[in-house]
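Residue numbering restarts at 1 for every chain, and letters A, B, ... go by the order of the sequence lines. Heavy atoms only: backbone and side chains are in, while hydrogens, waters and symmetry mates are out.
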Amino acid sequence: MNTWTIFKRELSAYFSHPIAYAVIVVFLILSMIFAFTFGGFIDSRDASLTYSFFYFLPLVLMVLVPALGMRLISEELRSGTLELLGTMPLSMWSVIFGKFLAAATVWLVAILLTFPIWITVNWFGDPDNLSIICGYISAFLVACTFLSITLFVSAFTRDQVICLIISALICILLTLGTFDVFARVYARAFSPEVASAITALGPWEHFMSLARGSFRLQDAVWFVSIIAASLCGTSAILSAKRA
Amino acid sequence: MIEVENLTKQFGRKTAVDHLSFSVRKGEVLGFLGPNGAGKSTTMRMITGFLPPTSGDAKLCGISVIDRPAEAKSKVGYLPESAPLYNDMTVTGFLKFCAEVRGLSGNTRKDAVERVIETCFLQGVAFQSIDTLSKGYRHRTCLAQALLHDPEVLILDEPTDGLDPNQKHEVRQLIKRLGETKAILFSTHILEEVEAACTRAVIVDRGKIVVDGTPAELIAKSETGSLTDLFRQVTTLDTAA
């Protein structure tokens, strides 16, 4: 009940400010630039969006998700409104869930607004729409994962810029550190087990397997465990700050 | 209504509040005095359930804030020192949000919001965005938030800080009026406020109560008949601490 109240307030805060619109527009522009250049959307003559469009989304999300999420707890700490919420009859979990879900909703909107590219492939070809839906779900899950990391970092600091830098750094390390180019380096340098363990830390393996339409247990574990650990960590940090 | 028993708070090795005990009855306005850093805000934060105490307990209307925090919190209205608000909301929007968190809905919520807007003289800015408000209005908006659920206990951390003399007078009158039916604990640095609004006052220094009494008793205790002199006598300079 209270989660819903917090959720409504947060969501209206996003959309009464330029920040959500700015991030959504930048996201749309960047994701389309990637699709039409590196993705070879026109030339590939491939009606599935997996490699032309979805493949590049983690690269865009690793910076933009922290940019949208940097205010999550930091702003409440800076303005002192967390103290106000802390003296009201609601649990900190409602605050954490409400804030997380509101920011996730903004990302859901942003990701769904790329729908023209889905219409386009259906106009020109005959894609597997089920796997495109899987692509959208996995892009949303990656956004949620990065968001939970940003939420966790924002509980540490009242400074939004610090939060942006640190959380973007973590997301960039996770994403670029396990990018294809590096994955090949690891494969040469380490034993296959070690190399695959390192690659499994990043989003690519889990993101792409889901985006290709196959849902594996280890991918669910990756998404759910990072999100759950970050949310629990956020709650722990907030309690520790008050003790 | 407010019973504080042996409340203690330690931050690392520093003791901010040291076995503090006092109580406030219904119809009483207790002034909470003390130098900066004496532990006034920390005490208030513990009573309102924001900070967990290191030891001791605070009871609001007989409900322990440690054992049954949600119930205890529903009995109290709190105005934090900095009067924190959501700058992206309007005054009415903010009050509606707070009322919803307090569990009010429908017409009860609408009436509560209208009532506090009237009580705190916010009619002129009701639909204005909070980030355009002056300090006096910000303070009163935050005070309005504390009154939404008509709490039996009010805890106000420097409610007149940063207000102009007219606004100070209004807020003091408001505290006095509300104090007839509620238990109020409020902190202040302005000693004449004690005489103007309080039925009783305590002075805390380094986490302990050093003086407790009615304003008249306090003045009698001071050799020169001035509260300021008494305050300076019983408290330590922050440079000496």
Side-chain angles (χ1 to χ4, degrees), chain A residues 1-23 68-99 102-103 106 155 158 160 235-243, chain B residues 9-12 41-42 44-54 60 63 65 68-90 93-94 96-105 109 129-131 138 141-142 145-146 148-149 151 153 155 157:
Chain A
M1 176 61 206
N2 276 327
T3 308
W4 173 240
T5 312
I6 301 280
F7 172 82
K8 277 192 300 186
R9 199 214 81 76
E10 283 292 310
L11 199 62
S12 74
Y14 278 117
F15 286 104
S16 65
H17 257 254
I19 179 152
Y21 301 102
V23 168
L68 185 83
M70 63 182 181
R71 55 176 288 284
L72 280 165
I73 309 269
S74 304
E75 175 70 15
E76 301 260 353
L77 289 172
R78 194 190 57 76
S79 68
T81 41
L82 202 68
E83 185 177 348
L84 208 57
L85 295 180
T87 58
M88 287 182 179
L90 86 176
S91 85
M92 261 309 140
W93 277 110
S94 320
V95 178
I96 294 171
F97 278 133
K99 284 180 156 295
V106 176
R158 54 179 62 204
Q160 295 193 17
S235 165
I237 295 301
L238 289 182
S239 334
K241 279 208 157 180
R242 295 195 281 164
Chain B
K9 182 73 187 179
Q10 288 174 320
F11 294 107
S41 293
T42 309
M44 291 180 152
R45 284 175 180 164
M46 285 192 284
I47 300 173
T48 50
F50 178 63
L51 285 178
T54 311
L60 301 165
I63 302 164
V65 76
R68 287 145 73 194
E71 261 178 275
K73 284 174 184 178
S74 68
K75 301 282 182 200
V76 59
Y78 175 48
L79 169 67
E81 191 177 1
S82 55
L85 300 163
Y86 288 109
N87 284 330
D88 50 65
M89 301 178 98
T90 64
F94 173 74
K96 275 185 182 162
F97 163 73
C98 292
E100 205 174 319
V101 174
R102 292 276 182 196
L104 305 174
S105 59
R109 187 178 75 160
S129 169
I130 287 175
D131 57 2
R138 289 181 64 93
T141 306
C142 206
Q145 158 279 130
L148 275 169
H149 50 303
V153 175
I155 295 185
D157 202 349

Would you name the heavy atoms of [X] and [Y] that are closest together and state the gap between them?
X: B:Pro84; Y: A:Leu84; result: O-CD2, 3.5 Å
X: A:Pro89; Y: B:Arg102; result: CD-NH1, 3.2 Å
X: A:Ser16; Y: B:Asp88; result: OG-O, 4.1 Å
X: B:Thr48; Y: A:Thr87; result: OG1-CG2, 3.4 Å

Heavy-atom pair count under 4.5 Å with chain B, highest-scoring of A:Met88, A:Glu75, A:Glu76, A:Glu83 =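 Result: the option with the highest number of such pairs is A:Glu83.
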Separation of B:Ser74 OG from A:Leu90 CG (nearest 0.5 Å) =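 Separation between the atoms: 12.5 Å.
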task = To the nearest 0.5 angstrom, please state how far the OH atom of B:Tyr86 sits from the CD atom of A:Glu10.
result =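 That separation rounds to 6.5 Å.
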query = Contact part of B:Leu79 toward chain A, heavy-atom cut-off under 4.5 Å: side chain, backbone, both or neither?
reply =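 B:Leu79 has no heavy atom closer than 4.5 Å to chain A.
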key: Which atoms of B:Gln145 approach chain A - backbone, side chain, both or neither, heavy atom under 4.5 Å   =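 For B:Gln145, side-chain heavy atoms alone lie under 4.5 Å from chain A.
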query = Salt bridge between B:Glu100 and A:Lys8, side-chain N to carboxylate O under 4.0 Å?
reply =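 Salt bridge present between B:Glu100 and A:Lys8.
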query = Side chain, backbone, both or neither: which part of A:Leu82 has a non-hydrogen atom closer than 4.5 Å to chain B?
reply =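 When you check distances to chain B, only backbone atoms of A:Leu82 fall under 4.5 Å.
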ask   = Of the listed residues (B:Lys73, B:Lys9, B:Arg45), which shares the most heavy-atom pairs with chain A below a 4.5 Å separation?
value =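 Counting heavy-atom pairs under 4.5 Å, the top option is B:Lys73.
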